[in-house]
Amino acid sequence: MATDDSVKRRSFLKAAGGAAAAATLAGCTGGDGEGDSTETTESTDGTTQSGETEETTEESSGEGGTLTFARGNDSGTLDFQNTTSGEDAKVTNQIYDGLIEFEPGKTSLKAGLATDWSVDGKTVSLTLREGVKFHNGDEFTAEDYVATYRRFVDKEYEYFPGQEYASSYGPYALGRWIDSVEKAGTYEVTIKLGQAYSPILKNLAMFCSKVHSLKAIKEHGKDLAKNPVGTGPFKFDNWDTGNQRIRLTKNENYWGETKAKVDEVVFTAIGSNTTRAQTLISGGADIIDGLGAQSSQIVDKSDKADLLEQPGINVGYMAFNMSKFEPFRKKKVRQAVNYAINTKNIVDTIFKGIASQASQPIPESVMGYNEDIDPYPQDLEKAKSLLEEAGYSDGFEFELATFKNPRTYNPSPKQAAQVVKSNLNEVGITVNIKTMPFNPFLDYTDNYKHDACFLGWMTDNGDPDNFYYALLHPGVDRSDVPDGQNWVNPDDHPDTINTLDAAAWANTEFMKLTEEAQASYKTSERKPKYQKAGEIFHEECPWVALDHAKDLRGVSSGVEGFMVPPIGGPFLNHVSLKQ
């Protein structure tokens, strides 16, 4: 990767403390000498892993206080089964626990509500933790997980909230691979897979795989979107939607060893990057994210706060909606747009070094990265030639939908959209930019109303499947893709379409490779398949791959114990405030 991957170590150590910093550095670069890596561990027998881990014992300091976390957008929901948004997950991750969790600051797995697990071919066996209480006082048992699973994916379940409510993570993370989830005892769960499925344990650790209370499912139904009941270190207090503030309080009865150190956490939304940075420096916030180039410089120059950064496991891109906009169905048009857009200029002058050019869906740290693939260079004459060959020498006009506020993978979406507009104008293509708040934007793109759109992805589990299959497989059978066509009509597949595939791309060779890769437990078999899938992606261009961005956070000098998580989190129960 071309980026400067170094962490600003002095500031990081100051903010996080030596031990935590070492852990975070190891996790984000995929190796600390202790076997931590974003690559899938190869199992020669393909089957068994242990859930026993050593947990760091940290007693509650009792330091108390209110921790304020400022971000660019408010949440859209407090139900992890109702969202695909990382913005929502920042909050739900504080309230809920999963069976398996990611180590704070790393990409490796640790015990959560399950204390032990094993994978034997198509069977996953889990032993659950005893003595855990939900925030409503109910004890956690196998029945809660069975109900949680069924609520997400089982349309026959009486508490299934409906396909419009349950997010596309249901079928992607769990539903397509799991035949059944059964209670094998009060504290035993057996998951039967429909096929060998390599990412299953990592999927169980994803934000969408947390655990609801059966009692809460029955009592609240869809109102869980406003009344979350988990087992996590913080409990829901209130959501002031008018002022975009969510207040959580410390769970005094938390089962885990790392109990919250602050009394409460307030998530607040401040749309402007600059205002958010200034709020941090003035003491109005303790931690901020969603930083752009300018706002990160404001934080970096301050003696009141520190800028923490590390390589992100993410990708930013512009997707062509082939199902709606006919010119994008021609490969030469998609290639022409790739040649016309100066992604290096966007990275260098708009993102100003906080991101690197992308050539493929995965960053360098993820298994399957293909070092032989380079980003498309800007070549306007090549772009014009391809448009002429495709029958669009006079160009065309389309809408580029983008979110308003910065995201990690696209810290300056408005400015980047203007560069795209200007670049494409030079080859005769007119771009109309449509800017929307993030939550309505996701609804817009999930329903394929866009011609093209900016989107991005921060990994849920560090596995290449979480990019390749999640973002570029349409979720339909290969046999359902018409001959000679490399896209599908979402309306023809309302029950199965993977709405995360915003291009509606359906290349059967690519689909076959990603399906085969996820069905093997061996890295040596999976890796070359993803490298080949990357070559097909680069040739077929369902996206303009824009960038891989650093993860940036602004942290007040009064904060201790915060770490930038490569996956999951933020782990706010580890954070304390200096008194």
Side-chain angles (χ1 to χ4, degrees), residues 73-99 101 112-113 128-129 132-171 173-175 181 183 186 189 204 206-255 260 264-267 439 442-443 446 572:
N73 291 278
D74 195 16
S75 290
T77 179
L78 299 178
D79 182 354
F80 56 86
Q81 293 183 336
N82 180 223
T83 182
T84 62
S85 170
E87 204 68 71
D88 298 336
K90 291 173 192 172
V91 179
T92 57
N93 284 348
Q94 314 306 315
I95 301 171
Y96 289 97
D97 296 307
L99 298 181
E101 299 280 352
L113 293 178
L128 307 186
R129 192 178 297 277
V132 176
K133 294 292 183 69
F134 284 100
H135 300 159
N136 61 8
D138 264 20
E139 183 178 3
F140 163 68
T141 70
E143 291 183 345
D144 296 294
Y145 185 71
V146 174
T148 298
Y149 166 76
R150 294 193 64 189
R151 179 180 186 264
F152 209 6
V153 303
D154 186 354
K155 296 173 187 173
E156 303 301 318
Y157 188 46
E158 62 181 312
Y159 300 107
F160 179 67
Q163 202 157 332
E164 294 297 317
Y165 181 92
S167 83
S168 53
Y169 271 92
L174 302 174
V181 174
K183 170 186 171 183
T186 303
V189 166
L204 290 175
M206 286 163 51
F207 82 93
C208 62
S209 300
K210 303 293 185 182
V211 182
H212 281 303
S213 149
L214 171 58
K215 181 180 179 183
I217 288 173
K218 291 179 177 179
E219 287 184 353
H220 296 297
K222 292 182 181 179
D223 284 343
L224 280 173
K226 297 179 180 177
N227 299 281
V229 180
T231 58
F234 291 96
K235 300 188 295 184
F236 175 66
D237 186 321
N238 70 79
W239 186 0
D240 180 353
T241 54
N243 291 304
Q244 302 186 83
R245 294 170 68 88
I246 297 171
R247 186 178 301 274
L248 311 178
T249 58
K250 176 180 179 179
N251 176 11
E252 299 286 357
N253 299 314
Y254 183 53
W255 60 269
E264 58 181 12
V265 171
V266 173
F267 284 91
N439 291 320
L442 285 183
D443 182 65
D446 282 351
L572 298 182

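Residue numbers start at 1 and run along the sequence shown. Note that the structure is a prediction, hence the values are computed from the model and not measured.
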Treating Asn251 as the side-chain partner and Lys235 as the backbone partner, does any N or O pair qualify as donor plus acceptor under 3.5 Å? no

Grab the two heavy atoms, one from Ser85 and one from Leu442, that are nearest each other, plus how far apart they are. CB-CD1, 4.0 Å

Leu128 versus Thr141, closest heavy-atom pair with distance: CD1-C, 3.9 Å

Output for pair (Gln244 CD, Asp74 CG), nearest 0.5 Å, gives 4.5 Å

Please check: side-chain N/O of Lys183 versus main-chain N/O of Ala142, any donor-acceptor pairing under 3.5 Å? no

How long is the span from the CG atom in Asn136 to the CG atom in Asn227, to the nearest 0.5 Å? 11.5 Å

Please step through side-chain contact (heavy atoms from CB on, under 4.5 Å) for the pair Phe234 and Thr249, ending with a clear verdict. CA-CA 5 Å; Phe234 291 96; Thr249 58; over 6 Å; no

Decide salt bridge (charged side-chain N to carboxylate O under 4.0 Å, His left out) for Lys210 and Glu101; before the verdict, give the C-alpha distance in whole Å, the side-chain angles of both, and the deciding distance to 0.1 Å. CA-CA 9 Å; Lys210 303 293 185 182; Glu101 299 280 352; 3.0 Å; yes

In Å, rounded to the nearest 0.5 Å, how long is the span from SG of Cys208 to CD of Gln81? 8.5 Å

Looking only at heavy atoms, what is the nearest atom pair of Gly76 and Asp88, with distance? N-OD1, 2.7 Å

All side chain to side chain donor-acceptor pair (under 3.5 Å) counterparts of Asp79, not counting sequence neighbours: Arg151, Tyr165, His212

Begin from the C-alpha positions of Val211 and Thr231 and carry the test side-chain contact (heavy atoms from CB on, under 4.5 Å) through to its verdict. CA-CA 8 Å; Val211 182; Thr231 58; over 6 Å; no

Within the 6.0 Å centroid threshold, strictly below: Tyr169 and Phe80: no

Heavy atoms of His135 and Ile95 approach each other most closely as CE1-O, 3.3 Å

Using a strict cut-off of less than 4.0 Å between a Lys/Arg side-chain nitrogen and an Asp/Glu carboxylate oxygen, indicate whether Lys215 and Glu139 qualify as a salt bridge. no

Apply side-chain hydrogen bond (donor to acceptor under 3.5 Å, both in side chains) to residues Ser213 and Asp138 and explain how you reach the verdict. CA-CA 8 Å; Ser213 149; Asp138 264 20; 4.6 Å; no

Minimal heavy-atom distance between Ala147 and Leu214, with the atoms involved, is CB-CD1, 3.5 Å

Shortest non-hydrogen separation from Trp255 to Gly112 and the atoms involved: CH2-O, 3.6 Å

Just verifying a value: how many Å separate Thr77 OG1 and Asn439 CG, rounded to the nearest 0.5 Å? 9.5 Å

Nearest-0.5 Å distance that lies between atom NZ in Lys133 and atom CG in Asn253: 8.0 Å

Return the OH to CZ distance between Tyr96 and Phe207, rounded to the nearest 0.5 Å. 12.5 Å

